[in-house]
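What follows is a short report on a single structure.
A, B, ... follow the sequence lines: proteins, then strands. Residue 1 opens every chain.
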Amino acid sequence: MERISACVQCGRCSAGCPVAFESGQSPRQIIRLLQLDQRGEARRSPLLWFCATCQACSTRCPRGLPVLEIMLALRREGQELGEVRAPAFYRIFRQMIEKSGRVSEWRLGFKSALCRFPRRPLGQALLFLQLWRRGKIR
Amino acid sequence: MENKGITTLNDIKTEIIETDLLIIGGGNAGCFAAYEAKTQNPALKVTIMEKAQISRSGATAAGMDAINTYIREDRGETPESLVRWGRAQLGGGPIREDLVLSNAELLNESVEMLEEWGLPIVRDDEGYYKLRGRWDISIQGEQLKPIMAEKAMEAGAQVYNRVAATNLLMAGDRCVGAFGLGVRDGKLYVFQAKATIVATGGACGIYRSPVTDYTGSHHQTWMCPFNVGSGYAIGIRAGAEMTSLEQRWVAIRTKDFCGPVDTLAVGYGCLMINGRGEKIMADRYAHLGGEKAPRFLRLNAPMTEWLEGRAPTYVDTTRLSSEESKELREDLLNERPSFVLFLASNGIDITKEPVEIFGSDPYIVGGHTGSGYWVDIKRMSTIPGLFAAGEAAGGSPNKFVGGCATEGRIAARGALEYLMGVSLPAPPADQIDREKERVFAPLLRGGAFDGVTAVEMEERLQRLMDEYAGGVSQFYRMNEERLEHALKQVKVLQDQTRYLFASDLHDLLNVHEVIDRLSVAEVLLHHLIYRKETRWEGWQTRMDYPEVNPDLDCFIESRRDPLSGEVKVFTRSYEQLVAGDRTKG
Amino acid sequence: MPPKVDREKCDGCKAENEPLCEQICPGDLFTLGEDKKARCRMPRDCWDCMSCVKICPKGALETRVPYQIGYHQAKLIPLMGTNSITWTLIDLNGKVERFHYINRGSLD
Amino acid sequence: MSLKVTPKIAIFFANEGDELSQSVDLAALVPRFSRAKNVSCCEVLPGGGAGKNREDIIAKYQQGMFNRILWVGRFSPEQRRNWESDLAAAGLNPYLQEWCDLREQGIYHEKDLRELQTQKAMILIQMSLARTRLLEPLEPLCLPGTDAVLVVGGGTAGLHAVAALAQAKKKVYLIEQQSAVGGKVAELGRLYPRICDPHCGLDFIIQKIRKTKSVEIHTLSRVVAVEGGPGNFFVRVLKAPRYVDEERCNACGECRKVCPVVLPEETSGPYGCQHAPETVCESTFRKCAISPPWPLNFPTAYVIARPLCPPHCRKCEKACPSAAVLLDQPPTELTFRVGAMLVTTGWDPYALAKVEEYGYGRYPNVISNLEMEQQDALPGEIREVGFIQCAGSRDERHLDYCSAVCCSVTLKQVLALKEKNPAVRCYIFYQDIRTPGLGEELYQRVKALEGVLFIRANPAVVRPRQDGRLALRVEDTFSGKELDLSVDLLVLAGGLIPSEGTSEIADVLKLPRNAEGFFESHLPCHSEESQRTGIRVGGTSRGPMGIDRAIETAQQAALDVLPFLQETIEVTPTVPVLNLSKCDKCKRCMEECPFGSFLFDAEGFSQVDLGRCRQCGGCMGTCPLLAVSRRHSTIEQLAAQVRAVKPSFLAREEPVLLAFLCANDAYPAVRRAAELGLSIPLNVFHITVPCIGAVNNALIADALAFGSDGVLIAGCRDGQCHYIKGNQLIKTRGDDLKAKLQSMIMDPRRVRLTNLEIRDSRAYVELIHSYLKELKEMGPNPFRA
């Protein structure tokens, strides 16, 4: 993490990020928060949980910063400190692994959808069906 | 493994070098000879053929802790007194008093030259060289060899390192240079010289070392094991007259590790004692001089203790203080540093326990005994144009460092005088071709040849000589029948040299070293057979002739006919120049 | 007996023609191994003159007494000055002794 | 062998204002040293070096009372210089004077330590005396030279250097790879800051060169080998055939009318831009096999691209009215003897195709800034243009460095573009805009333009749109907003890398280069040095820079080689001398010389080329056999000084420290410490060496063996050594020695390396104190008597 100061805020990570638009925050800003020592705020950024770990940020960084690793570290840190509760999907995924050592995709999908969108069970069920029919969920 | 891509005779390059004076061997005598020649006549071309690397080659490679002869005139010593002492050390001779005298006259000057060149010599409070005994002076000679080498080169001598002499270059009866094997480059060197000085050092490894068997360390020897007698061998093969080879040098050394005893005994007055704690020399040999008895006796006495059941034998170092012990070991570090390591690796504190001693293997070393070339007063051998100095030159024993250096200078002066009147003949093509074929044949046979390695033959020769020609295992004792047997076997070995093979140039060097040792061993055996008496017990003990024979108070000489290979042995008479009792020095 | 080559320290004198130990050995015993490090081709033939140990600029060589006649692991280490030499002697029990003396020039 | 005069040494104690006598007991010292070996007179100078003393000393010298001097006291550099020159005028060789400055050695500070100070002074004087005995008179060496110089690379920098050298009346050979001079600058459209035509400036300098007769220009040529050294380089040049006689051709163009070869337009994009300028097919001129030279018409003669000629066609030969066509011209090899060389081989553009995300080479409307220079070819309908700065520069994955010119180039291009077409909208994507100094004006001018938007961010991706335009996604880092932009043309500000010619000449001349591939020596002190004496480097072969700096550095380099362009070159006599009787041909000196000064002689011994040598003494430090000695700091002189240190003047528990000081930084730092009155402990003895690389391990061994408890080696900081790598050399050797000390059961901390800057006086004194403390804890050196 000592290399964070090497970031020149060029924004290439953000421009390449496929999920930044969803979260309202960009990887560049997360790094900036770290440079400003506002780690807590960085840990609480919703972007962390949107991240699809696609590595576009790390690949494009001209200073060679491991942007993705930084994001993942912040995720862990937030959880360990109890500041942040991981989104349902991650929690359920983890519980399943801890319990049985394997993941059942349909149960994961079902459970997390139930947590995230409890009020729209029908829509979720339809989506599930479509996915299942195309073999995207097993 | 380097053989420089040599597979056929045509691959071998010949390098012809013309020079005024060729010096074979860049050791002590060689360096001084080169320095003398170049300072006397800077216009001359002086070339040194050196088997190793001149700055650390030969007998003084490790360094030296003393110069064993220096004439302290303030103490009443004179060249004559040195002759008398030297003669007595040989039990009355015979020695070449003319040679010894001429050497003694220039001796001090050579030693002082060394000091001027940068050799630290210890001085006493009055400013004289500090004596250790009667003739020895202490030096801090760790750098002795590099110092001499630098001076020879600074004087302008051209040095060819890693070129080993294989034979002399002859024009009829005259020596006009020598052949050399380029150990690094695989070339045949032909040095054409108006005059040639042999200064190769003596012969080690004719006999088996007593330490060989149980250490896997073949070269636990007193003399430098890389001095194999090549200087004698090239002369013997060319028909030069050799003198006194039967006067072998055997030293009393520390047991199990061939460390110096003189430093302890002479330098620090530690006496030799037997297993019962009796002083060997004082108690048993008082009539022969006690502690001052001749050197061969100082060897033979402790070995007799072994034979007579009073072994082991020691030098008693226990009376030394710890300061003396340290000083003594400092001296040893100058000459044989690994002996100090040997003591430490056995946890031996010499102030608490005496150091065990035993005899070494025998050597042929004309700087110590009288063995070597028969030379005239100018140090020219019986081959015109060929001079000898140092260990190579016979007749004048007890030369040691100072004397060998001096003899180098005398030989250079003689050579300079000689070469003024001579010119060089054209390089003899047929001789070069023959020598090239002879030298490189073992290499051309290749590493896969079904034959004999140099090591195998060397070990066979050394065992043979040890057991049949008075080696250490036999307490130096020999008799006619054993010597005849040895001679017969040496002939077989000589015949078998055609099976020797080498897979690289280092091997090839080893092959020639064993061939040279055989040449020396053969003539040596003739000498030993001829002296049907026991003149120097220990050095030359004939069990079948245990007494001194007055008729043999003469030099025993040999000459091998270069054409027939037959060795003729004859005598020359002894001439006393310095008056006095020959056994008293 | 055999000079021991510390292969970590030895740089083969940068594999230039001959390493210094090969140049200096009076017995022609050193050569450059295939790994470009110095190698003693015939340890049995060493005379313990220690010329190689003294000249090695990397301190990579050590003379050892054969075990048959000397215990493990005494050491004798020379250090060359410009006109003096020091020796460090370590006996089998680890006792250290040091020697220092002039080897060139005047003694005062 | 030279006849040596026995030293007769005069020792003068400079007791100005009784300062010396207050610090040390002169009444004890003077008689003590009057009796010393080789000392013929020993006197106290009450007034220091003033008036009467001077005449008196000179008179005594001229009477033959002494033939060398040891000065004891404290002296300013000016005093030393004056004495040296005054006595030199009287006939005493300046190298026969030795200065024992007691203040630099910690004396003068504590008046109540007079007794101890006297004892230390005794040792210090003995050290200096030992050295004085071994001093040798030295005279400057003269090497033969020549006034000719060779310049490699005929770009702007090279041309200016040539002009400067020609003006200085030197014979100049210019070697250029292309068919004409001009280099990269000739390819540019406009130059900032004046937005002028570069051909104007080029023509100006070419006119200058044309006027002189002493310049020989060899085009289509390259240097293939060099022998010799400064003053006497022999340069072999291979000259490719031009197939047209340079003297006869007057560029009438008749040949081009008959040439049957018609080449396709060298274009691959819609804007007439090349992506990969190749040296064989140069630019748009090259529409047939015979063409005017490129990039400029100097020399004027045409050149034939012979491989393009149809077999047996000799039409041009027949058409030429001046019989200038030489279709069978062979290549020639030329050799020049020159005193010095200049390398101005310039730069190449970074291969932008490697910056994959920007699509260069894939999309025709992504072009480089170099291609943008040819703006005449841009069509009118362009509405929006994007400029991406630092395309590949300041990027770990490409070029680590800033290419220095790209910001100004882009600003200039925007300005030119807007001038031509004010409606064009420009986006400049940047990390930082770097237009230092007066360049700010250019920035402000562009910033104020309407329709120019600076976006402080770099796009991540460039994608082609269906309409042929390019889509850019970028985060505006100021607002944090994601922007989706589209442009008609995208200009990438590519970086500068060392040219191929730079790499080529580096190999031929064995010029060391830095990690980036540019020539570099010691930036602050000798910027135009190449680490090879007699060879200077200028222009962009040294690093990215603007044209102005390229010209300046080339001219500076030209000025720097002037001393080599003389009939005789004077060399300071403090050169290394090899003692061949000790040399073992191990070649370590050759390997480690930072300046490649060593050559083989006929017998395989190293031999120093005195012209190339910078006299740092690194060879002396490295020689395992002590066969090399740098004059006036010979191994013998240093050894004598070391040996004279007698630690016994202090109690055994007081550590004694011997410090070797680099003459460039450490010594001035210590001197300054003395001037500042900082307390230099009496435990430390200083010996100055030309560079710490010159300290041989044997000297350190000596110091320890004769009882010093610690040895400090103080050199320059990493990367600041005037001799490039003296501190690295000693570090490697020091590590070997420390390993050996460890095996000897000695604390390796007894040898310490430190790096000092010239003003680190306080740091030095602190270091000494803490090191002495550490040494005290270690206990006495086991070799200390």
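- Look at B/Asp361 and B/Arg208 and you find no salt bridge, because none of the NZ, NE, NH1 or NH2 atoms lies under 4.0 Å from a carboxylate O.
- Distance alone, capped at 3.5 Å, is enough to place a donor-acceptor pair between the B/Asn346 side chain and the C/Ile69 backbone.
- We find that B/Arg329 and B/Asp65 are not joined by a salt bridge, their nearest charged nitrogen and carboxylate oxygen being 4.0 Å or further apart.
- Under the side-chain contact (heavy atoms from CB on, under 4.5 Å) criterion, B/Asn161 pairs with B/Glu50, B/Gln53, B/Ile54, B/Val159, sequence neighbours left out.
- In summary, C/Glu97 and B/Lys326 do not engage in a salt bridge, as defined by a charged side-chain N under 4.0 Å from a carboxylate O.
- No hydrogens or angles considered: a donor-acceptor pair under 3.5 Å links the side chains of B/Tyr129 and B/Glu115.
- Only the backbone of C/His100 comes within contact range of chain B, judged by heavy atoms closer than 4.5 Å.
- Chain B forms the most heavy-atom pairs under 4.5 Å with one residue out of C/Asp91, C/Asp28, C/Leu89, and that residue is C/Asp28.
- Residue B/Lys51: no heavy atom, backbone or side chain, is found under 4.5 Å from chain C.
- With a 4.5 Å cut-off on non-hydrogen atoms, C/Leu107 touches chain B through its side chain but not through its backbone.
- Using a 4.5 Å cut-off between heavy atoms, B/Leu343 does not touch chain C at all.
- Under a 4.0 Å N-O distance rule, the pair B/Arg162/B/Asp185 does not qualify as a salt bridge.
- Listed for the C/Thr63 side chain is no donor-acceptor partner under 3.5 Å among the backbone atoms of C/Pro3.
- Near-neighbour residues of residues 77-88 of chain C relative to chain B, defined by a heavy atom under 4.5 Å from a heavy atom of that chain, comprise C/Met80, C/Ile85, C/Trp87.
- Only the backbone of C/Ile90 comes within less than 4.5 Å of a heavy atom of chain B; no side-chain atom from C-beta onward does.
- Note on B/Glu142 versus B/Arg56: salt bridge recorded, some NZ/NE/NH1/NH2 to OD/OE distance being below 4.0 Å.
- In terms of non-hydrogen atom pairs under 4.5 Å with chain B, the most contact-rich of C/Met42, C/Lys95, C/Lys54 is C/Lys54.
- Of the two parts of B/Cys258, neither the backbone nor the side chain holds a non-hydrogen atom closer than 4.5 Å to a non-hydrogen atom of chain C.
- In terms of non-hydrogen atom pairs under 4.5 Å with chain C, the most contact-rich of B/Ser345, B/Ala52, B/Ala62, B/Gly63 is B/Ser345.
- Of the atoms belonging to B/Ala59, it is backbone heavy atoms, and not side-chain ones, that fall under 4.5 Å from chain C.
- One finds no salt bridge joining B/Glu116 and B/Lys151 here, because no Lys/Arg side-chain nitrogen approaches an Asp/Glu carboxylate oxygen to under 4.0 Å.
- Among B/Leu119, B/Asn334, B/Ile348, B/Val183, the residue with the largest count of heavy-atom pairs under 4.5 Å with chain C is B/Asn334.
- For B/Arg463, the CZ atom is loosely surrounded, since the number of other residues' heavy atoms within 6.0 Å does not exceed 12.
- Residue C/Gln73: no heavy atom, backbone or side chain, is found under 4.5 Å from chain B.
- Within 6.0 Å of atom NZ in C/Lys9, more than 12 heavy atoms from other residues, nucleotides or ligands are found, so the atom counts as buried in its surroundings.
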